[in-house]
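Everything numeric here is computed off the predicted structure, so don't read it as measured data.
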Amino acid sequence: MIHLDQTISIQDISEVSKEIQWILFDWRNSEEISQYFLLSSITKEQHTQWIKRNEEKKSCRAFVIFGEKTPLGLAYFPHIDSDHHQGELGVYIYNRSYQQFKPAHQACRALIQMAFYQMQLNSLIAQILASNIRSSRFFSSLGFKALPRIEREIIKNGQNKTVLTYILNK
């Protein structure tokens with residue numbers, strides 16, 4: 001476990017209990033969270049495979065965010081490309097009662113440091129649905145810049161959605 005301050009900490013998903021890993025599955029598929037993901041939902045098999053990939057610590061890494069030992073959400077690298085020294089960063093907070101402690105901001109700052117100085121990555125991207133203004137502001141506050149020429153369309157729940165790409169360089 002990595003303590004970020006008196007109340008907020010992060011812990012590698014491979015080190016938390018199976019119960020917490022399955023709580024994350026429920027959160028990920030909840031309407032409150034899934035509305036902001038590029039994929040609407042995931043299956044139990046996809047979740048199990050994702051946990052296994054995280055245990056390898058090569059192509060992805062995830063960290064549960066805790067507030068006073070209560071799981072709050074997840075900060076993660078869904079894609080890591082060590083050969084090109086690039087990665088992707090994502091975050092969500094399910095437990096809203098800890099918002100005043102800014103756990104997502106603290107966790108992402110820690111992961112950015114980890115990416116650049118331990119994992120030797122040179123850049124991180126964030127892929128955000130254009131309709132998710134709050135997330136765009138959040139990643140901008142971390143220093144990410146929108147890449148205006150990199151927009152793509154996806155179909156989610158039968159609707160066209162625009163995906164924006166943000167980048168942060170070392």
Side-chain angles (χ1 to χ4, degrees), residues 1-5 8-30 32-95 98 103-129 132 135 138-139 142-144 147 150 152 154 156 163-170:
M1 184 167 294
I2 302 168
H3 296 277
L4 305 178
D5 70 11
I8 305 299
S9 59
I10 58 175
Q11 186 171 13
D12 192 295
I13 195 166
S14 64
E15 299 170 1
V16 300
S17 69
K18 296 288 183 202
E19 178 185 358
I20 291 175
Q21 291 177 354
W22 285 108
I23 288 171
L24 293 170
F25 171 77
D26 292 338
W27 288 355
R28 166 59 182 86
N29 283 335
S30 71
E32 295 93 340
I33 300 299
S34 66
Q35 66 180 315
Y36 301 113
F37 274 77
L38 305 188
L39 294 174
S40 296
S41 64
I42 60 171
T43 65
K44 287 183 177 183
E45 184 176 327
Q46 288 172 314
H47 184 72
T48 300
Q49 290 302 316
W50 176 72
I51 296 289
K52 286 180 183 174
R53 283 195 318 277
N54 273 279
E55 288 171 353
E56 296 169 0
K57 297 179 172 47
K58 292 180 183 173
S59 65
C60 60
R61 302 253 339 243
F63 297 84
V64 180
I65 304 168
F66 289 90
E68 299 173 345
K69 300 182 183 179
T70 300
L72 307 178
L74 192 72
Y76 57 100
F77 301 111
H79 305 288
I80 300 168
D81 182 347
S82 297
D83 293 337
H84 294 97
H85 304 282
Q86 300 171 340
E88 182 179 348
L89 181 63
V91 64
Y92 68 81
I93 298 294
Y94 183 81
N95 189 331
Y98 283 80
H105 204 270
Q106 290 176 300
C108 283
R109 285 249 178 250
L111 264 61
I112 289 167
Q113 293 296 312
M114 180 186 297
F116 290 158
Y117 301 104
Q118 293 175 16
M119 298 166 64
Q120 301 302 310
L121 301 182
N122 293 324
S123 64
L124 290 171
I125 65 164
Q127 296 189 75
I128 302 167
L129 292 174
N132 191 349
S135 188
F138 174 80
F139 279 95
L142 291 169
F144 282 74
L147 294 175
I150 301 182
R152 64 185 172 101
I154 63 168
K156 181 176 177 177
V163 178
L164 305 176
T165 301
Y166 285 71
I167 190 166
L168 178 66
N169 293 308
K170 186 173 181 181

Where the side chain of [X] meets the backbone of [Y], is there a donor-acceptor pair that is under 3.5 Å apart?
| X | Y | value |
| --- | --- | --- |
| Q118 | A115 | no |
| N122 | H85 | no |
| H47 | Q21 | yes |

Over all atoms of both residues, closest heavy-atom pair of [X] and [Y]:
| X | Y | value |
| --- | --- | --- |
| P103 | I65 | CB-CG2, 3.8 Å |
| T43 | Q46 | N-OE1, 2.7 Å |
| G90 | P78 | N-CD, 4.2 Å |
| W27 | G73 | CZ3-N, 3.5 Å |

* Structure fact -> Value for CZ (R53) from CD1 (I80), rounded to nearest 0.5 Å, stands at 11.0 Å
* Rounded distance [0.5 Å steps], CD1 in I112 versus CG in L121 -> 11.5 Å
Could you check whether any side-chain heavy atom of [X] comes within less than 4.5 Å of a side-chain heavy atom of [Y], counting everything from C-beta outward?
| X | Y | answer |
| --- | --- | --- |
| W22 | I51 | no |
| L89 | F139 | yes |
| P71 | F66 | yes |
| L74 | V91 | no |
| L124 | F144 | yes |

Can you list, pair by pair, the side-chain donor-acceptor contacts under 3.5 Å of residues 8-16, counting residues two or more places apart and other chains?
residue: Q11; atom: NE2; partner: E15; partner atom: O; Å: 3.4
residue: D12; atom: OD1; partner: S14; partner atom: N; Å: 2.8
residue: D12; atom: OD1; partner: S14; partner atom: OG; Å: 2.7
residue: D12; atom: OD2; partner: K57; partner atom: NZ; Å: 3.4
residue: D12; atom: OD2; partner: R61; partner atom: NH2; Å: 3.1
residue: S14; atom: OG; partner: K57; partner atom: NZ; Å: 3.2

* To do: Walk me through it: do N54 and Y76 pass the test side-chain contact (heavy atoms from CB on, under 4.5 Å)?
  => CA-CA 10 Å; N54 273 279; Y76 57 100; 5.9 Å; no
* To do: Quick one: do I128 and V163 satisfy side-chain contact (heavy atoms from CB on, under 4.5 Å)? Show the steps, please.
  => CA-CA 5 Å; I128 302 167; V163 178; over 6 Å; no
* Heavy atoms of other groups near E19 CD, more than 12 under 6.0 Å -> no
* Would you sort out whether R109 and Q113 count as a side-chain contact (heavy atoms from CB on, under 4.5 Å), showing the intermediate values? => CA-CA 6 Å; R109 285 249 178 250; Q113 293 296 312; 5.8 Å; no
* Asked: How would you list, by chain and number, every residue that makes a side-chain hydrogen bond (donor to acceptor under 3.5 Å, both in side chains) with Y166, sequence neighbours excluded?
  -> S136
